[in-house]
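Dropping a structure here in structure tokens format, bear with me for questions.
Because the structure is predicted, anything quoted here is derived from the model rather than measured. First the proteins, then the strands, lettered A, B, ... as listed; each starts at 1.
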Amino acid sequence: MHYIEDFSKYEGQEITFKGWVANKRESKTNIFLVVRDGTGFCQAVLSLDVLGEETFEVAKSLTRETSLEIVGNVVKDERQIGGYELQASSIKVHHIAKEYPIKYLEQEHGVKFLADHRHLWLRSRRQWAIMRVRNEIIMSIHDFFQQNGFVQTDAPLLTGNACEGTTDLFETDFFGVPAYLSQSGQLYAEAMAMALGKVYTFGPTFRSEKSDTPRHLSEFWMIEPEMAFYDLDMDMDLIEAFIKHVINRVLKNRKVELDTLGRDVSKLENVNQDFPRITYTEAVKVLQGKSEVNGRNAITVQEEDLAAAKQAIVDLTATIEANEKEMKAGVKKGKRNYLTAQNDKFKQEIKVHEESIRNIPKWIASAQNFKDGEDFGGSDETVLTRVFDAPVMVYNWPTKIKAFYMKEVEGDPNFVKGVDLLAPDGYGEIVGGSERESDLEILSRKIKEHDLSLDDFQWYVDLRIFGSVPHSGFGLGLERIVRWVCGLNHLRETIPFQRRYGRKLVP
RNA sequence: GGGUUUGUAGCUCAGCGGUAGAGCAGGCGGCUGUUAACCGUCAGGUCGUAGGUUCAACCCCUACCGGGCCCGCCA
């Protein structure tokens with residue numbers, strides 16, 4: 001058994017392929033299959049001359065997603081997907097698939113249809129690419145921390161209390177006692193950092209907020225490093241080095257997948273610049289348009305985007321009219337079909353631009369009227385990050401909008417040493433971290449202020465009683481970084497089976 | 001939870017007062033080392049559901065149900 005991924009090693013050799021038919025094109029003497037085996041996609045040629053009439057008749061009956069084995073020669077051919085072609089000398093059919101509901105290009109389907117067929121949708125090329133990038137990111141995360149002296153530890157998934165005391169949790173039953181699915185492993189990671197120095201957790205996280213946006217899932221995977229003797233500056237250095245490592249490894253090893261996704265990799269290569277670090281207070285000024293970044297004004301950039309959307313509609317409308325005029329004048333059927341398809345596509349694009357035209361003025365208003373001291377909304381993050389090329393770190397946040405465990409800025413208790421990493425191009429927050437409060441008195445006071453039970457948190461407070469040290473950490477949302485790296489407009493494609501507010505638990 | 005938009009063939013959409021169209025997928029025929037192949041042909045629909053307006057409703061109105069997008073809550 002030989003995998004498509006390794007075809008370059010088998011050039012000129014006869015191999016055995018086992019996989020599925022992704023697509024088929026037929027002629028009198030040749031059948032061209034696009035086959036897949038999980039490691040890649042490849043064209044297989046079934047020729048009447050080679051196979052003989054009887055086998056060729058069998059080959060004609062192959063449907064999309066039929067499972068089969070092909071024995072054949074691997075031939076280099078630059079024109080093909082993956083650069084190689086399999087020329088069959090014999091085939092063995094495992095199972096003829098019945099009519100397959102998903103098209104070869106899944107973008108020709110609607111969101112709902114694909115989500116309901118997720119178990120099959122995962123076979124599509126784009127999904128294959130996303131899952132492979134996801135895997136590369138996961139491995140690069142482990143690799144980064146393992147190479148840097150971190151120990152992977154696991155926090156419990158069942159907990160007796162809300163970690164931050166704020167968000168909605170899924171309740172379950174633990175032998176008659178209420179238990180909650182974990183929304184963060186951080187507090188436990190802090191305890192483990194006091195035992196092991198540098199640790200990270202990597203596990204599922206659950207939030208029962210009724211959030212219906214492209215950046216939310218009810219169940220997602222989070223990576224939470226925690227380091228003893230790290231202050232906020234060291235934390236930010238680590239975040240930057242970490243993100244650079246992950247992105248560069250994906251760029252190096254998953255070129256084919258990023259290309260399949262049509263990702264503009266130059267945008268990702270921007271991570272090799274220094275990440276701008278600005279305080280919350282500075283970020284507010286940038287957002288409001290009162291302060292510029294490299295000559296770019298956040299509000300002006302939005303106005304330009306708005307004007308561009310309006311112009312695009314004018315241009316597309318003109319093209320559509322021209323096409324319609326041409327069709328009225330009389331054209332051949334093929335040409336008419338082509339023009340109709342083009343116009344339908346343009347009409348969809350116009351709808352997207354119209355959506356922007358409705359949204360951008362709201363975003364501008366929200367940015368200009370932003371009240372210092374509040375948390376950034378989704379659109380605010382988009383507006384803010386549009387003026388930066390690299391991910392930007394926003395630090396020193398107002399105390400009242402951040403969690404109780406964040407360390408107060410020395411001499412200014414209105415601010416805490418938290419940091420958010422915002423990805424460019426509107427992908428928003430992917431990392432949230434902070435230096436943790438290590439002072440017993442302050443932490444105890446804040447637990448009370450947040451109406452949390454001192455009893456429940458005594459074990460956590462203990463960490464400040466027995467050899468308290470400055471320490472920091474952060475949380476990375478796996479699906480959010482996958483979304484950014486792949487350039488996807490929604491988180492739902494970044495995880496094999498989404499669990500999201502408003503959707504069924506099937507599939 | 002709020003706003004907005006949408007529901008027409010298996011899929012993606014067009015039609016928007018006078019009793020349904022295209023492309024893809026499927027069947028058949030043709031043609032080609034093809035690249036989302038192409039050409040011809042056949043088949044495929046009580047136009048989300050329930051009321052209402054009208055001589056006439058896929059089209060207008062109301063309600064309900066189901067989607068999309070944006071916002072909120074948050075990673």
Item to check | Stepwise salt bridge (Lys or Arg N to Asp or Glu O under 4.0 Å) test for A/R436 and A/E226 | outcome: CA-CA 10 Å; A/R436 322 306 191 187; A/E226 193 70 34; 2.8 Å; yes

Checklist entry - Quick one: A/F170 CZ to B/C74 C1', roughly how many Å, whole number? => result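 Rounded to the whole Å, the gap is 13 Å.
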
Next on the checklist: Taking the C1' atom in each of B/U4 and B/A56, what is the distance between them to the nearest angstrom?
Outcome noted: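 That atom pair is separated by 33 Å.
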
Next on the checklist: Distance check, P atoms only: B/A25 and B/U6, in whole angstrom units.
Outcome noted: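 About 29 Å, rounded to a whole number of Å.
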
Next on the checklist: Within the 4.0 Å heavy-atom criterion, would you say A/I102 contacts the bases, only the backbone, or no part of the nucleic acid?
Outcome noted: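 Since no nucleic acid heavy atom lies under 4.0 Å of A/I102, the category is nothing.
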
Item to check | Short N-O contact, A/E429 and A/R215, less than 4.0 angstrom | outcome: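 The answer is no: the pair does not qualify as a salt bridge.
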
Next on the checklist: By nearest atom, which of the nucleotides B/C71, B/G33, B/U12 is closest to the A/F113 side chain?
Outcome noted: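 In terms of side-chain proximity for A/F113, the closest of B/C71, B/G33, B/U12 is B/U12.
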
Next on the checklist: Given B/C11, B/G68, B/C73, identify the nucleotide with an atom nearest to the side chain of A/V111.
Outcome noted: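 Closest nucleotide among those given: B/G68.
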
Checklist entry - Less than 3.5 Å between a donor and an acceptor, one on the side chain of A/H109 and one on the base of B/C11, is that the case here? => result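 Counting by modelled atom types and ignoring angles, no donor-acceptor contact under 3.5 Å is found here.
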
Checklist entry - Do A/E26 side-chain and B/U34 base share a donor-acceptor contact under 3.5 Å? => result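 Checked by distance alone, the answer is no.
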
Next on the checklist: Of the options B/U34, B/U12, B/G26, whose atoms approach the side-chain atoms of A/E99 most closely?
Outcome noted: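 Of the candidates, B/G26 comes closest.
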
Next on the checklist: Can you confirm whether the side chains of A/Q288 and A/Q368 place a donor and an acceptor under 3.5 Å from each other?
Outcome noted: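 Checked: A/Q288/A/Q368 side chains show no N/O donor-acceptor pair below 3.5 Å.
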
Item to check | Closest to side chain of A/Y104, choosing from B/G68, B/U12, B/A36 | outcome: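 Out of B/G68, B/U12, B/A36, the nucleotide with an atom closest to A/Y104's side chain is B/A36.
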
Checklist entry - What's the CG-P distance between A/L491 and B/C74, to the nearest Å? => result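 From A/L491 CG to B/C74 P: 17 Å.
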
Checklist entry - Taking the same atom, P, in B/C71 and in B/G15, what whole-Å distance lies between them? => result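 Per the computed distance, 28 Å lies between those P atoms.
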
Checklist entry - Looking only at N and O atoms, is any donor in the side chain of A/K103 or the base of B/C11 less than 3.5 Å from an acceptor on the other one? => result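 Check passes, donor-acceptor contact within cut-off.
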
Checklist entry - Which nucleotide, B/G23, B/U34, B/C74, lies nearest any side-chain atom of A/H216? => result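 Output: B/C74.
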
Item to check | Nearest-nucleotide pick for A/E355, side chain only, options being B/C71, B/G33, B/C69 | outcome: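 Between B/C71, B/G33, B/C69, the one nearest the side chain of A/E355 would be B/C69.
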
Checklist entry - With both distances under 3.5 angstrom, what nucleotide forms a Watson-Crick or G-U wobble pair with B/C69? => result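 Base-paired to B/G3.
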
Item to check | Worked verdict on A/F497 versus A/H119 for ring-ring contact (aromatic ring centres under 6.0 Å, His included) | outcome: CA-CA 8 Å; A/F497 294 94; A/H119 52 299; 7.8 Å; no

Item to check | Integer angstrom distance from the C1' of B/G7 to that of B/C42 | outcome: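 29 Å, rounded to whole Å.
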
Item to check | Inter-residue atom distance A/M227.CE - A/D235.CG, 0.5 Å rounding | outcome: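 Reported to 0.5 Å precision, the distance equals 4.5 Å.
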
Next on the checklist: Let's test this: given Watson-Crick or G-U wobble pairing with both distances under 3.5 Å, identify the partner of B/C38.
Outcome noted: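 B/C38 is paired with B/G30.
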
Checklist entry - Quick one: does A/Q80 reach the base of B/U34 with a side-chain donor-acceptor pair under 3.5 Å? => result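 Between B/U34 and A/Q80, which were checked side chain against base, a qualifying N/O pair under 3.5 Å is present.
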
Item to check | Closest to side chain of A/N23, choosing from B/A37, B/G1, B/C71 | outcome: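 Of the candidates, B/A37 comes closest.
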
Checklist entry - Please give, in whole Å, the distance from B/C73 P to A/R500 CZ? => result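 It is 18 Å, rounded to the nearest whole Å.
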
Next on the checklist: Distance check needed: B/C70 P versus A/K210 NZ, whole Å only.
Outcome noted: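 Checked: the NZ to P distance equals 21 Å.
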
Next on the checklist: Expressed as a whole number of angstroms, how long is the span from A/R503:CZ to B/C69:P?
Outcome noted: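 Taking CZ of A/R503 and P of B/C69, I get 12 Å after rounding.
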
Checklist entry - Mind checking who B/U54 pairs with, Watson-Crick or G-U wobble, both distances under 3.5 Å? => result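 Matched B/U54 with nothing under the 3.5 Å cut-off.
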
Checklist entry - So which nucleotide from B/G68, B/G33, B/C74 ends up closest to the side chain of A/R492? => result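 Of the options given, the side chain of A/R492 lies nearest B/G68.
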
Next on the checklist: Suppose you measure atom P in B/C69 against the same atom in B/C28; what distance do you get, rounded to whole Å?
Outcome noted: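 Here B/C69 and B/C28 have their P atoms 39 Å from each other.
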
Checklist entry - If we take the P atom in both B/C38 and B/G21, what is their distance in whole Å? => result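 After rounding to an integer number of Å, I get 24 Å for this pair.
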
Item to check | Working for ring-ring contact (aromatic ring centres under 6.0 Å, His included), residues A/W397 and A/F376 | outcome: CA-CA 11 Å; A/W397 289 75; A/F376 296 132; 5.4 Å; yes

Item to check | Of the listed nucleotides B/G72, B/C70, B/A36, the one nearest the side chain of A/L105 | outcome: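 Nearest listed nucleotide: B/A36.
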
Item to check | B/C13 to B/C58 separation - C1' atoms, rounded to the nearest Å | outcome: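 So the two C1' atoms sit 15 Å from each other.
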
Checklist entry - Taking the six-membered ring of A/F144, is the NZ or CZ of A/K244 close enough (under 6.0 Å from the centre) and on axis enough (within 45°)? => result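 Geometry flag: not set, cation outside 6.0 Å or 45°.
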
Checklist entry - Could a donor-acceptor pair under 3.5 angstrom be found where the side chain of A/S211 meets the base of B/C73? => result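 By the distance-only test, yes, there is a pair.
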
Checklist entry - Nearest to the side chain of A/R358 - B/U12, B/U4, B/U35? => result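 Among the listed nucleotides, the one closest to the side chain of A/R358 is B/U4.
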
Checklist entry - Taking only N and O in the side chain of A/R25, is any of them less than 4.0 Å away from OP1 or OP2 of B/A37? => result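 Answer yes for this pair, as a side-chain N or O of A/R25 is under 4.0 Å from OP1 or OP2.
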
Checklist entry - What interatomic distance, in whole Å, is found between C1' of B/A36 and the corresponding atom of B/C73? => result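 It comes out at 42 Å once rounded to the nearest Å.
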
Item to check | Between P of B/U12 and NZ of A/K112, the distance in whole Å | outcome: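 In whole Å, B/U12 P and A/K112 NZ are 10 Å from each other.
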
